[in-house]
Amino acid sequence: MQAVFLPGNKQVEIRSIPVPEVGPDDVLLEMHASCICRSDLSLYYGNAVVGGGDATGGFVCGHEPAGTVVATGEAVTEFAVGDRVAVYLAIGCGVCAHCRRGDMHLCPKWKCLGFTYDGGNAEFIKVPARNLLKVPDHMSAVAAAISTDAFGTLFSACRKVGVNGLSRIGIWGLGPMGSAGVLAAKALGGQVVALDPIAERREFARKLGADLVLDPTDPQAAEAIREFSGEGLTGAIDCSGNTAAHNMALDALAPLGRMAFVGENAQTTIRPSDQLIRKQLTVLGSWYFGINEYQDILSTLSTHKIDLERLATHTFRLDEAETAFRLFDQRETEKAVFVR
Ligand SMILES: [Zn+2]
Ligand SMILES: [Zn+2]
């Protein structure tokens, strides 16, 4: 079968490898959709955010796949050939406290699909059955793939920030993650101000339901947030990883506000005394979601009739992987998805 590897230095290799053999607790999926994510670029450049040097080029890339079950191991009872599923990216030990709570991405022994375990950018994918996320028949494979790391991650961040009908939420960075955040925060009832320096992204966020869109580099933006939020934002989510955005968000929060860091950044500079301590803010990191949250993610998508395919701007075949990663890296695409 064809499978995509990212050995670093912006190299993209499409290799022919055997279809994986299914163990007793595994399933084999035929891939129908598999998203490219900003974190894949860490592999593309050769400095993997998960797994370090072990990840680079050693495993099939792709951590946001969806497909159809085509074979099951003999111990698998809850899934059958023909089931349509997305895949939860963290393969945990299954028995530690984090795994038992559904947070396999916190398991000390976890392996990460697409980084330290063969991932989704291939014709077939082998995963443990417990990592499958069953999706409804009316949900397309592309939407199912986007429901995991893009929408699921932002749904979880919105929850941690406490988004509800009284919330005034700021979202910084309107790539696929921030756009999914606008959808999630609106569905959970919040009023949303969405910020990005790129005009097309702001316009798209407005179409997705943002109540106010702003260019964070506009000197009037902070004042506009104050007018929008009254005494300040109740919550903020940063998807940009940008230090200026971190500071703008912390400054815009009301006392007792909550902020989630989602965009990757190895370091930042903030002012704890006036930004955190005096206002008694809660600042947290948020990454992916607990597998036990997925039912609520599906319910939210269905109740609010959210069409996640809107977030996919480009689709590619696996044999177009080099073009796909190049265009994604050059920001010529927003959410890009391999389809078959
Ligand atoms: Zn991702
Ligand atoms: Zn575990």
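Throughout, residue positions are numbered sequentially from 1 according to the sequence presented. In this text, all values refer to a predicted model and were calculated from it rather than measured experimentally. In listed order, ligands and their atoms are each counted from 1.
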Whether the [X] and [Y] side chains hold a donor-acceptor pair (N or O, under 3.5 Å, no angle test) is what I'd like checked.
X	Y	value
Lys160	Ser286	yes
Thr268	Thr243	yes
Thr148	Glu64	no

Honestly, is Arg326 close enough over Tyr44, meaning NZ or CZ under 6.0 Å from the six-membered ring centre and within 45° of the axis? no
Cation over ring, Lys10 on Phe325, under 6.0 Å and within 45°? no
Assigning hydrophobic clusters by single linkage (Ile, Leu, Val, Met, Phe, Trp, Tyr; side-chain heavy-atom cutoff under 4.5 Å), is Ile171 placed with Val283? no
To 10 degrees, how wide is the angle SG (Cys96) to the Zn ion (ligand 2) to SG (Cys99)? 110°
For the Zn ion (ligand 1), check which protein N, O or S atoms are under 2.8 Å away and list them. Cys37 SG, His63 NE2, Glu64 OE2, Asp149 OD2
Among Ile146, Leu308, Thr315, the one residue meeting side-chain contact (heavy atoms from CB on, under 4.5 Å) with Lys335: Ile146
Would you say the Zn ion (ligand 2) has His98 as a near neighbour, meaning an N/O/S atom of that residue under 2.8 Å away? no
